[in-house]
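Note sheet for the following structure.
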Amino acid sequence: MIISVASGKGGTGKTTVATNLACSLDTEVQILDCDVEEPNAHLFLDPEINSISTVNTAIPLIDETKCTYCRKCVEICRFNALTIVGETILTFSAMCHSCGGCMLVCPENAITESKREIGIIEHGQRGPLDFVHGRLRIGEAMSPPLIKQVRSFSNPAMTSIIDAPPGTSCPVIAAMKGVDFVLMVTEPTPFGLHDLRLAVEAVRTLGIPHGLVINRSDVGDDCVREYAAQQNLPILMEIPFKRSIAEAYSNGKLLVEVMPEWRDKFKMLFHKIENSLERGDDLS
Ligand code: SF4
Ligand code: SF4
């Protein structure tokens, strides 16, 4: 089973839920930290990294000795990654989405494939827990290909927990597409509700079963609970705003390490997800 832990905005406790859930289960588990711009699951898990690999995307390399400046490549590029100035063809590799269209249309076979490094993947272990995360190169905008590579480590023999990036744009979709369940983490404030609405819209567009965890559940107001009731959105867990929990977080400790009673609560959360999927609840 693949569970993606997502949130409409950052700072809601998404990584807290993903890491504690991963460390509470009795089954074989892996955590795939797809929040590649700011991965921080490793800060709580302190895994031993066994391998590091670079991730590249394909970009065009143009042989100007063959180029006739016909503009066909410029015209097909929807991302404005190519332009011709006088008798020079310029490539803006940071804007290239690696679609390969320019190579296909070039009548002179003047374009070949080169590569650009967008980040790295680190793979390791924390005891029995399999750990993978991506780190996007500083200044790099193309995170979906790196997220895809992190997800390629998904092992069907294990329960995979994905820590998704915050928001509702392309990187989040890359971290949610094709998963079995999306666990949305929010807080009961008007800001939390605003971003939760967007996240629910995204996950419902993808048609993925989903449920809610309310973090810092005893602050704010009832707006999130009322919205959940209206939307038939199951609240699967609530984490209160407690000094002991905040202290564990600020010390980079897992909740389930500092307060072992939380292990059963996260196990219960997992069982609720399993049961909901088994029953085929119409949550999508
Ligand atoms: S590979 Fe696609 S996105 Fe990149 S320059 Fe060529 S046409 Fe544009
Ligand atoms: S399609 Fe080929 S020949 Fe035409 S401008 Fe582009 S690189 Fe040059």
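The structure presented is a predicted model; accordingly, all values stated were derived computationally and were not measured. Start at 1 and go down the list; that is how both ligands and their atoms are numbered.
Here the straight-line distance linking atom CZ of Phe270 with atom CG of Leu183 works out to 11.5 Å at 0.5 Å rounding. Rounding to the nearest 0.5 Å gives a distance of 8.0 Å between CG of Asp221 and CG of Leu193. Here CD1 of Ile118 is found 11.5 Å from CD1 of Ile59. Values are rounded to the nearest 0.5 Å.
At a 4.0 Å heavy-atom cut-off, ligand 2 does not touch Lys66 at all.
For ligand 2, the atoms lying closer than 4.0 Å to a non-hydrogen atom of Arg71 are 4 (Fe), 5 (S). Each of the following atoms of ligand 2 lies closer than 4.0 Å to a heavy atom of Glu108: 3 (S).
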Worksheet item: Hey, mind stepping through Met184 and Leu233 against side chain to side chain contact (heavy atoms under 4.5 Å, CB included) and telling me if it holds?
Response: CA-CA 10 Å; Met184 286 177 288; Leu233 187 58; 4.1 Å; yes

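Using modelled atom types, one side-chain atom of Asn215 and one backbone atom of Thr12 make a donor-acceptor pair closer than 3.5 Å. Asp180 places a side-chain N or O within 3.5 Å of a backbone atom of Ile2 that can act as its donor or acceptor partner.
Using a 4.5 Å heavy-atom cutoff, the side chains of Cys34 and Arg151 are in contact. Residues Ile245 and Thr16 have side chains not in contact (no heavy-atom distance under 4.5 Å, counting atoms from C-beta outward).
The protein heavy atom nearest to atom 3 (S) of ligand 2 is Thr68 N, 3.5 Å. Counting only heavy atoms of the protein, atom 2 (Fe) of ligand 2 lies nearest to Cys106 SG, 2.4 Å. The protein non-hydrogen atom at the shortest distance from atom 4 (Fe) of ligand 2 is Cys70 SG, 2.3 Å. Protein heavy atom in closest approach to atom 8 (Fe) of ligand 2: Cys67 SG, 2.3 Å.
Each side chain to side chain donor-acceptor pair (under 3.5 Å) pair with one or both residues in residues 122-135, not counting sequence neighbours, appears once here: Gln30-Asp130, Glu122-His133, Glu122-Arg135, His123-Asp130, Arg126-Glu257.
Distances shorter than 2.8 Å separate atom 6 (Fe) of ligand 1 from the protein N/O/S atoms Cys102 SG.
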